[in-house]
There are 2 protein chains.
Amino acid sequence: MPPAPGDREARREDVSEAVWHVLADKGFGGLTLRAVATEMGVSTGMLMHYFPAKRALIAHALDLLEKRTAERPRRARPAEGLATVRAMLLDILPLTADDTARNRIWVSSWDLALADDGLATDQADRYTRMRSTLRPHLEAARGLGELPAAADPEQLAATAVAFTHGLVVQTLFDPARFPEDVQIAMLDDFLASLARR
Amino acid sequence: MPPAPGDREARREDVSEAVWHVLADKGFGGLTLRAVATEMGVSTGMLMHYFPAKRALIAHALDLLEKRTAERPRRARPAEGLATVRAMLLDILPLTADDTARNRIWVSSWDLALADDGLATDQADRYTRMRSTLRPHLEAARGLGELPAAADPEQLAATAVAFTHGLVVQTLFDPARFPEDVQIAMLDDFLASLARR
DNA sequence: CCTTACGTACCGAACGCTTGTTACGTACCC
DNA sequence: GGGTACGTAACAAGCGTTCGGTACGTAAGG
């Protein structure tokens, strides 16, 4: 059943899936070719057939992480302004098992990223993009009078991202302390505190 | 310059220092016995003389991290209430090179911690302690009328820690975007948003 | 239609290297 | 001389990577 050309990309997807599982429970520190091979019941040689080196596999894993983050299901964007900001931040929080795995892998990647200049600037760019995506909606909120006129949207975006990711990290380490309703309550109170002035 | 007994603890301190340097620029993923030995110009055998195994060295590194965090220079605590909260959070932010190194190592340790149940609960406890340390001062602030009477100090502590650590991470990846004054301005605005209701 | 040739997919084993660890030797001081 | 403090060198295990071989499917040629 082997050489069915065209399955090549599908096979790479299978490898991606195995890499995802390994990352989700061992982190990048535990990502090894043999671990991935064992996970999918194949040989390490097969992995090299689809990825020329581990470097390529790591790069692919990071692409996959970004892709899955971009393509994750998101809730509908309600009315413009703070309501949309709320929806965007809710889409980041680890409320489901998938969200938790994804966030866990992101946090795990920071060890790698901080040690590698290229990966570090990638991560920095990612944050810049995240803030840029948030900013227009904060501007809209300001226009709607939901935020004080003096508010600085760029800085508020950075603050919102900071709050959200800080909550992500605390939740990953202590899920029992931060169940869904607590996370949502914290986010709502945070947004309310930005609003009322 | 050999067996001067009593130097034993001092020697372990020297090793600690080398471990610190390696961690600060390679992270836990790059922490290796040979890297530490090379860093201090000795043999790996010497390391094993003071630490029976790498496990012990990692444990010591984590202790060191906690100790240096606990014993870091802190600014004076001003008047009770929000001013003290501000001082405590400023003591966390990566404003100096030392603060940056310490935070970098903390973030790096999360990859390890998320993959190891024991380390994960340690980290969870650390967060619990951090919130507990902050809470009384938030209560005091509420008593002083600096916070709304309806404020929940425990939740506010979690929110403050989240904001601060989220800012830490963004700053580590993009120091140029978050120089000292920007970090401080963000913290002050964040605290102001908690206050005014 | 059968045969030959060839490229793809994969396994199993080995390679060389780095890792943590151990054993042994030596220099030193009390 | 005996215990302490190392350096040196080797160890086994695990790593990423390479290589030869096999099985299979497709395409070409008579």
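Quick note on labels: first sequence line is chain A, next is B, and so on, each numbered from 1.
Here A:Met48 lies in heavy-atom contact (under 4.0 Å) with a base.
If you check the side chains of A:Asn103 and A:Thr100, you find no donor sitting under 3.5 Å from an acceptor.
Here ring pair (Phe, Tyr, Trp, His ring centres under 6.0 Å) pairs that include residues 119-138 of chain A, with residues two or more places apart or in two chains, are A:Tyr127-A:His165.
Close to D:dA5, at under 4.0 Å from its OP1 or OP2, lies a side-chain N or O of B:His49. The side chain of A:Arg11 places an N or O atom within less than 4.0 Å of a non-bridging phosphate oxygen (OP1 or OP2) of C:dC10.
A salt bridge links A:Glu154 with B:Arg177; the closest basic N to acidic carboxylate O contact falls under 4.0 Å.
As a whole-Å value, the separation of A:Leu33 CG from D:dT18 C1' is 13 Å. Here the P atom of nucleotide D:dA5 and the CZ atom of B:Arg12 are 12 Å apart, to the nearest Å.
When B:Arg86, B:Arg74, B:Arg75 are each tested for a salt bridge (charged side-chain N to carboxylate O under 4.0 Å, His left out) with B:Asp91, only one passes: B:Arg75.
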Short heteroatom pairs, N/O only, protein and nucleotides 13-18 of chain C, under 3.5 Å:
none

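Centroid-to-centroid, the aromatic rings of A:Phe163 and A:Phe190 come within less than 6.0 Å.
Counting non-hydrogen atoms of neighbouring residues, nucleotides and ligands closer than 6.0 angstrom, the NE2 atom of A:His60 exceeds 12 such neighbours. The local environment of CZ in A:Arg55 is sparse, with at most 12 non-hydrogen atoms from other residues, nucleotides or ligands closer than 6.0 Å.
Within residues 51-66 of chain A, the residues having any heavy atom closer than 4.0 Å to DNA chain D are, in order of number, A:Ala53, A:Lys54.
Looking only at distances, no side-chain donor or acceptor of B:Thr171 sits under 3.5 Å from a matching main-chain atom of B:Pro94.
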